[in-house]
Every structure is written in C-alpha cells, then in structure tokens.
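Here the structure is a predicted model, which is why all the values come from computation and not from measurement.
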Amino acid sequence: EESRAQFMPARDANIFAPLVAAFEQFAAQGDLRPGITPRIAATALVGLSHSLSLSDSLTGVEVDVPTLTAEILLNGIAAH
C-alpha cells in the first residue's frame, strides 16, 4: 500500500500530467471529439499502449506499439 501511495503521484506527475496537457491543447484546437476529456484521452493512450505492449510480450509477435496505439486511437478498429 505504501509503494502504491508513492507510485500514483509520481505516475500522475510524470506520465499523465504531460499527456493531459498535450490533449488539452488538442481540445483547444477542436481536435478531440465532444465528450472526450483530455484526462480520458490520456488514460486511453496509456491503457492501450500498456495492453498492446503486454500482448506483444505474451504472444511473442512483435508489434510497433507506438504506431499501432496511435492508429487505433486516431482511426479506431473498424475497416474503412
């Protein structure tokens, strides 16, 4: 519990805060869909990249995680 108490503020300050700030800029430019807050966008980015990285390591199939993460977030998973 103590390590979690130390980890969470560090994670927020070093990972989420910069991402939220970036997504706030995107939102100000009208680049985020209505209803998607900068915090939700940052959480989705971190969660998706983490999940893809874990999947990559479990399956042994190499994936360009940053590119795939960006493509999924920006374009979804449906065929176009």
Side-chain angles (χ1 to χ4, degrees):
E1 188 62 34
E2 183 180 327
S3 60
R4 181 177 170 85
Q6 293 173 345
F7 172 77
M8 298 305 282
R11 181 199 67 168
D12 284 346
N14 295 301
I15 297 174
F16 279 102
L19 288 173
V20 170
F23 282 116
E24 285 172 344
Q25 291 177 352
F26 299 146
Q29 298 168 1
D31 293 332
L32 284 185
R33 195 176 78 200
I36 302 297
T37 66
R39 183 84 180 170
I40 289 171
T43 301
L45 175 65
V46 170
L48 184 57
S49 63
H50 175 76
S51 293
L52 290 172
S53 295
L54 181 60
S55 174
D56 181 26
S57 67
L58 290 176
T59 63
V61 177
E62 287 193 33
V63 175
D64 181 354
V65 173
T67 300
L68 184 57
T69 299
E71 288 179 4
I72 291 172
L73 280 177
L74 297 174
N75 300 315
I77 60 171
H80 295 282

Any donor-acceptor N/O pair, D31 side chain to A27 backbone, under 3.5 Å: no
Calculate, to the nearest 0.5 Å, the distance between atoms CZ and CD1 belonging to R33 and I40 respectively. 9.5 Å
Minimum heavy-atom distance between P9 and R4, given as atom pair plus value: CD-O, 4.4 Å
Linking Ile, Leu, Val, Met, Phe, Trp and Tyr by side-chain heavy atoms under 4.5 Å, what else ends up with I77? I15, F16, L19, F23, F26, L32, L45, V46, L48, L52, V63, V65, L68, I72, L73
Non-neighbouring partners of R11 that pass salt bridge (charged side-chain N to carboxylate O under 4.0 Å, His left out), sequence neighbours left out: none
Where do D12 and P18 come nearest, in terms of heavy atoms and distance? O-CD, 4.5 Å
Can you tell me if E62 has over 12 outside heavy atoms packed within less than 6.0 Å of its CD? no
